[in-house]
Amino acid sequence: MTEQYRKELQAPNYPRVESAILCNLTTERLNAFSYGAAHFSTHGDALTWVREYADKYHKIPTIQEMYDVFPTIETNTTGFDWDYIEDLFRNQLLYRTVREIIDHSGGALLTDPQKGLVDLMGQLSNVELEFDDDISTYDDGTLSRLEEYKADREKLLANKGIMGIPTPFHALQTIGSGWKPGELIGIFARSGIGKTWFCTEIAATSALSGTKTLFVTPELTTKQLSARLDTVLGHKLGYQFPHSTLSNLQPLDNEAEYIEFLQNNNAKKQSICHSISGEDGITIQSIKRLIRRYKPEFVIVDGIYLIRSQTSRSNQHTWEKSYELANEFKTLATQENISICVSTQANRESQDEFEPPHANTVAFGDGLLSAADYLFSMAKTYDRNGDYDEKLRKIRCLKIRDGALIQGDMTFTWDVNNGVIEELRGYVSESEY
């Protein structure tokens, strides 16, 4: 957008801004556009026509088709930045609404100034509620909650009866529970147990459900994370791409299948690998920028203990920084209406690798325990004969905010080289350890 056009749009030129709205619509933008014909000063009829056209033909009309019916639309407004012109439209609507209220209040202010002032302030307060993005009005008089209910029910039916994003846990799947918007999921274990691999399994399960997933890790490069996702996703889709082959650059026995996987696996494209470089490392502010950019539904942060907050002070205790960071991630999940999963370490007091660490052993304090809606701890485990088996892992549920805990430890097959990370249902060890 040129500077000249910016100046033209910023002027009180309602028809031009409304033309820019109409000429830059896509199906997605039209569905998300919360304003109706009554909110337009000039081109309301055109918006109604566009909506009816889209309902009938399931697409947006071309600029020429729109111009043929409404020749007063300024078609040279195409290509403008959508967020910019939507903000301009909103501000102009707010200005017109306030002006109309003030203009119509003149008589009341003259006859009874005190009552007129009270009425005017009440009306302006209602406008503030309507236009404040940080406030949701319960009794707004619209059918938005019914529409949300129908949309959520469609997702539920398409998602095999699971509310939220599918998880690797059968106990949650059985009751139809998944990761829901606003929830914070915490996973912790001692170093070397496999937190990153389990986060990869969570990401793969999410991505294959069609959920747009953002994976942020301070410990792996994008190439390293992609290799792990290829291994895990490949297994779930019937391929076999051993991690040792991909990471150690060994010859691929099934290169044709790998090409097919990379070219045709649309679900894999839902999962975004991203590495944030910079001398200051990854901060929660940089993660917020990624969320605004990619608009994911699910975010996985592997290694929350390596994330910095730019608001922390140098003289803060480590446990204070950790507490603030955990609560910032919970707030972020709520504000952005997304699910967030974070992993961290158990502290040094937890020495037994075969016992899932207790809730009070989360590294650097109990901030994550307090903020999380779900909290899981991981450990190595023994096989049925009481011998250590590298291809098994034990996971314990320590907290579910709005439900009963999953009873007993869950045992997972842990053949990470072949991407097999799956819960063994009904598994009971005969070991006395």
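Every value quoted in this text rests on a predicted model; they were computed, and no experiment measured them.
Applying the side chain to side chain contact (heavy atoms under 4.5 Å, CB included) test between W414 and each of I421, I193, T381 identifies I421 as the sole match.
Salt bridge E74/R16: present, at least one basic N to carboxylate O contact under 4.0 Å. Classification of R51 and D55 as a salt-bridged pair fails, no side-chain N sitting under 4.0 Å from a carboxylate O. A salt bridge links E355 with R396; the closest basic N to acidic carboxylate O contact falls under 4.0 Å. Salt bridge annotation for K399-D373: absent, with no cationic side-chain nitrogen under 4.0 angstrom from a carboxylate oxygen.
Listed by first and then second residue, the salt bridge (charged side-chain N to carboxylate O under 4.0 Å, His left out) pairs involving residues 192-204 are E201-K236 (not counting sequence neighbours).
For F412, the ring-ring contact (aromatic ring centres under 6.0 Å, His included) partners two or more places apart in sequence, or in a different chain, are F169, F198. Checked against ring-ring contact (aromatic ring centres under 6.0 Å, His included), H243 has the following partners two or more places apart in sequence or in another chain: W197. In this structure F40 satisfies the ring-ring contact (aromatic ring centres under 6.0 Å, His included) test together with F89, sequence neighbours excluded. Checked against ring-ring contact (aromatic ring centres under 6.0 Å, His included), W49 has the following partners two or more places apart in sequence or in another chain: Y53, F70. Not counting sequence neighbours, the partners of K180 by the side chain to side chain donor-acceptor pair (under 3.5 Å) test are S177.
Heavy-atom minimum distance, A189 versus M378: CB-O, 3.6 Å. Of all non-hydrogen atoms in I73 and Y67, the two that sit nearest each other are O-CD1, 3.9 Å. The two residues G186 and A372 make their nearest non-hydrogen contact at N-CB, 4.3 Å.
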Checklist line | Test side chain to side chain contact (heavy atoms under 4.5 Å, CB included) applied to L214 and K212, step by step | finding: CA-CA 7 Å; L214 173 64; K212 193 171 186 180; over 6 Å; no
Notebook entry, point to check: Are F215 and V299 close enough, and set up right, to give a side chain to side chain contact (heavy atoms under 4.5 Å, CB included), and what steps lead you there?
Noted result: CA-CA 6 Å; F215 198 134; V299 176; over 6 Å; no
Item checked: From CA spacing to verdict: side chain to side chain contact (heavy atoms under 4.5 Å, CB included), T167, I202 -> CA-CA 6 Å; T167 83; I202 291 174; over 6 Å; no
Next item on the list: Apply side chain to side chain contact (heavy atoms under 4.5 Å, CB included) to the pair Y14 and H43, showing each step before the final yes or no.
Entry: CA-CA 9 Å; Y14 302 135; H43 296 309; over 6 Å; no
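With 3.5 Å as the limit, one finds a donor-acceptor pair spanning the side chains of T196 and D302. Under the 3.5 Å distance criterion, with hydrogens and angles disregarded, no donor-acceptor pair is assigned to the side chains of T213 and E297. Inspection of the E422 and H235 side chains reveals an N or O donor paired with an N or O acceptor under 3.5 Å. Side-chain polar atoms of Y239 and D230 form no donor-acceptor pair below 3.5 angstrom.
A cation-pi contact, defined as under 6.0 Å to the ring centre and within 45° of the axis, is absent between R401 and Y374.
Distance check, rounded to the nearest 0.5 Å: OG1 of T334 to CZ of F329 gives 13.0 Å. With rounding to the nearest 0.5 angstrom, the CG atom of L375 is 9.0 Å from the CG atom of L184.
When the shell of 6.0 Å around NE2 of H104 is examined, it contains 12 or fewer heavy atoms from other residues, nucleotides or ligands. For K288, the NZ atom counts as densely surrounded, since its 6.0 Å shell holds more than 12 non-hydrogen atoms of other residues, nucleotides or ligands. Counting heavy atoms of neighbouring residues, nucleotides and ligands inside a 6.0 Å radius, atom OH of Y294 exceeds 12 of them.
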